[in-house]
Amino acid sequence: MTSASSETAIRVRIAPSPTGDPHVGTAYIGLLNYIYARQRSGKFVLRIEDTDRTRFVPTSEQMIFDSLRWLGLGWDEGPDVGGPFGPYRQSERTEIYREHADILLNRGKAYRCFCTPEELEVVRKQQIAAKLPPRYPGTCRHLSAEQIGQNLAAGKPCTIRLAVPPHGADLTSSTTFRDELRGQITFEHNNVDDQILLKSDGFPTYHLANVVDDHLMQISDVIRAEEWISSTPKHVLLYKAFGWQIPRFWHMPLLRNLDKSKISKRKNPVSLIYYRDSGYLPEALINFLGLMGGGMPADINDGTEQFTLAEMVEHFVFTDIRVGGPVFDLTKLKWLNGEYLRKLTPEDFFQVVRSRVFGDDYLRQISSLMQTRIETLAQFGDLTSFFFSDNVIPPQDVFLSKKRNLEETLNFAQDQLAVLEATDWTHDALEPALKKLGEEKSWSVKENFMLLRAIITGSTMSPPLLESMIVFGKARSLDRIRRFLEAQKKLAAQKK
RNA sequence: GGCGUUAUGGUGUAACUGGUUAACACGUCGCCCUCUCAAGGCGAAGAGUCCGGGUUCGAGCCCCGGUAACGCUACCA
């Protein structure tokens, strides 16, 4: 076996990308890694994979820290707490990747590619049209040293690609690795593409960065999602090219939507911020995640399916994990959360309500919207109830303008959702984004904002819309629109 | 299309190394409690284990062949 020997110290990691709200899948994989490390007196490392500058969201990293801590999944090493193998932010390690890419280049395990994205796009389209697997055609694989020198001298941007055997000196035709949950998995090399390792902007792709970092950070077990299985042969090839020991691989099942597709924000709330702000307790979410895929003995706590993180560390069995993708079912999560809420003492419950529903920060922001709008304090609730409610479904006479029919209204709401998803949650970003959409679709500012107001607040009368949405939060606002659209869809289906 | 993975009620999981009418939880439905709604209590329906072969006295568990779903197939992770 080529996997890590048992004497090696256990070190695991999660490596989220700061591309938006922290994802529930990150929490799931984080939980598993956390348990694995704690069970074996190992180290749990948090590494930030911020190598994609096009998708980078500056506020994302802090949200990842906050939400993982909220769940109780603390790490031993990471960008904020340091550690002996730093830096733990990949953008601060670009020099390391460049050096390692050079090693690969020198050993003939990688090569420079001068093809432009546009050229590659053309080729890919042709291949797809011809029903061929879209793959790099190898144009630059055998450039002479002279040609490469000329291109470099001409300042042509280039990427560095993995030279997948058997084209090179190594004539092995396939790569086999062991997945600890599924056994041996083999990929023929003609199904493995010459993956880009170093992009033309000098940043590495996931494949290079994750292998280099996992080795340098002495990661013993790579516990990640199933979607990585297909690219694992590339990683194994890299370990071999460097002459490094290969870690154990554990590919965990993918959380699913109700329709069994990979969990996605289109069909499910996936933001941990959403779960926090909608009043889920971290203990309940952790417990629920622990139910996904199994792993806990069925008789724990009399088979109530209720257990703590500490109990998971004590009893969880990794080899018992089921690899069929579990549906992330909000219905059961809600039940579980209710169980946890009921288990609190009345005083603890009150404290949770006070801090999570009527937190000072939240109330302060809402108050500032209300001061000019009420005459007695008792009216406070009249215009603000939507801030404290979960089910806000406006009746048709509230959201439907006399000038618009149902279909175009729902279509426009769908457009609003898409625009809002892609917009920073600030007044300066939201206002022009919404107005631009309105102009494109010929919806007046009034129609535009009134529809959104109806969806968010359930009423035609409310505090200023954008300010309200900002206070209410992006995750919850988007979810409210999604649920509105879903509810309308169901209604339409019933009528038929 | 290619490659890979997976497959137990609607959903999440159980079922000792193959051994009685496939178990539990959520959800659904009904009843009780009750001013309402929850919670709680009691009960019911719902799968014959993706399909087809094979091995065996016996298969959800083993073997072979299908099918379907999902994932990957980017200068994203």
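A note on names: the letters A, B, ... follow the listed sequences, proteins ahead of strands, and every chain is numbered from 1.
The separation of B/rG60 from B/rU20, taken at their C1' atoms, amounts to 15 Å, rounded to a whole angstrom. Rounded to the nearest Å, the gap between the C1' atom of B/rA59 and that of B/rC64 is 15 Å. Taking atom C1' in both B/rU11 and B/rC76, the straight-line distance is 31 Å, to the nearest Å. For the C1' atoms, the distance linking B/rC33 with B/rC70 amounts to 46 Å, nearest Å. A distance of about 48 Å separates the P atoms of B/rU36 and B/rA69, rounded to the whole Å. Distance noted for atom C1' between B/rG43 and B/rG53: 42 Å (whole Å). Comparing B/rC3 with B/rG66, their P atoms sit 13 Å apart, to the nearest whole Å. Spacing of C1' atoms, B/rU17 relative to B/rU21, comes out at 25 Å, to the nearest Å.
Distances were taken from every side-chain heavy atom of A/W335 (C-beta onward) to each of B/rA25, B/rG71, B/rU5; the shortest belongs to B/rA25. Closest to the side chain of A/S230, out of B/rA14, B/rG71, B/rG2, is B/rG71. Here the side chain of A/K262 is nearest to one of B/rG12, B/rC72, B/rG27, namely B/rC72. For A/I185, whose side chain is taken as the heavy atoms from C-beta onward, the closest listed nucleotide among B/rC70, B/rC3, B/rG4 is B/rG4. For A/P326, counting side-chain heavy atoms from C-beta on, the closest listed nucleotide (B/rC76, B/rU13, B/rG27) is B/rU13. Between B/rC76, B/rU6, B/rC26, one nucleotide has an atom nearer to the side chain of A/K332 than all others, and that is B/rC26. When each of B/rA25, B/rU5, B/rG40 is scored by its nearest atom to the side-chain atoms of A/I229, the top-ranked nucleotide is B/rU5. Between B/rG12, B/rA74, B/rC72, one nucleotide has an atom nearer to the side chain of A/R124 than all others, and that is B/rA74.
Checking B/rG71 for Watson-Crick or G-U wobble geometry (two distances, each under 3.5 Å) identifies B/rC3 as its partner. The pairing partner recorded for B/rG12 is B/rC24, the criterion being a Watson-Crick or G-U wobble arrangement whose two distances lie under 3.5 angstrom. Remark: B/rG40 base-pairs with B/rC32; criterion is Watson-Crick or G-U wobble with both hydrogen-bond distances under 3.5 Å. Nucleotide B/rG46 is matched to nothing when pairs are restricted to Watson-Crick or G-U wobble geometry with both distances under 3.5 angstrom. The partner of B/rG58, taking Watson-Crick or G-U wobble pairs whose two distances both stay under 3.5 Å, does not exist in any strand shown.
Within the 4.0 angstrom heavy-atom criterion, only backbone atoms of the sugar-phosphate kind lie near A/R342; the bases stay farther away. Among the atoms of the strands shown, only primed sugar atoms or phosphate atoms (P, OP1, OP2) are found under 4.0 Å from some heavy atom of A/T186. A/T159 comes within 4.0 angstrom of a base, heavy atoms only. Across all strands shown, A/E305 has heavy atoms under 4.0 Å from base atoms, whether or not it also approaches the sugar-phosphate. Using a 4.0 Å heavy-atom cutoff across all strands shown, A/N257 reaches no nucleic acid atom at all.
For A/K199 and B/rC76, the shortest distance from a side-chain N or O to OP1 or OP2 is below 4.0 Å. For A/T51, a side-chain nitrogen or oxygen approaches OP1 or OP2 of B/rA77 to under 4.0 Å. At B/rU73, none of the side-chain N or O atoms of A/K131 fall inside 4.0 Å of OP1 or OP2 (strictly under the cut-off).
Distance A/E339 CD to B/rC26 P: 8 Å, rounded to the nearest Å.
Taking the six-membered ring wherever Trp is involved, the centroid distance between the rings of A/Y97 and A/F203 does not fall below 6.0 Å. In this structure, A/W228 has its ring center closer than 6.0 angstrom to the ring center of A/Y206. Ring centroid separation for the pair A/W75 and A/F65 comes in under the 6.0 Å cut-off.
Looking at A/P247 and A/D221, their side chains never come closer than 4.5 Å, going by heavy atoms from C-beta outward.
In this structure, A/K156 places its NZ atom where only 12 or fewer heavy-atom neighbours from other residues, nucleotides or ligands lie under 6.0 Å away.
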Mind running ring pair (Phe, Tyr, Trp, His ring centres under 6.0 Å) on A/H215 and A/Y239 for me, showing each step along the way?
-> CA-CA 8 Å; A/H215 175 259; A/Y239 282 105; 7.4 Å; no
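In textbook terms, a nucleotide whose glycosidic angle is within 90° of 0 is syn, and B/rG48 is one such case.
Atom CG in A/D479 sits 13.5 Å away from atom CD1 in A/I273 (nearest 0.5 Å).
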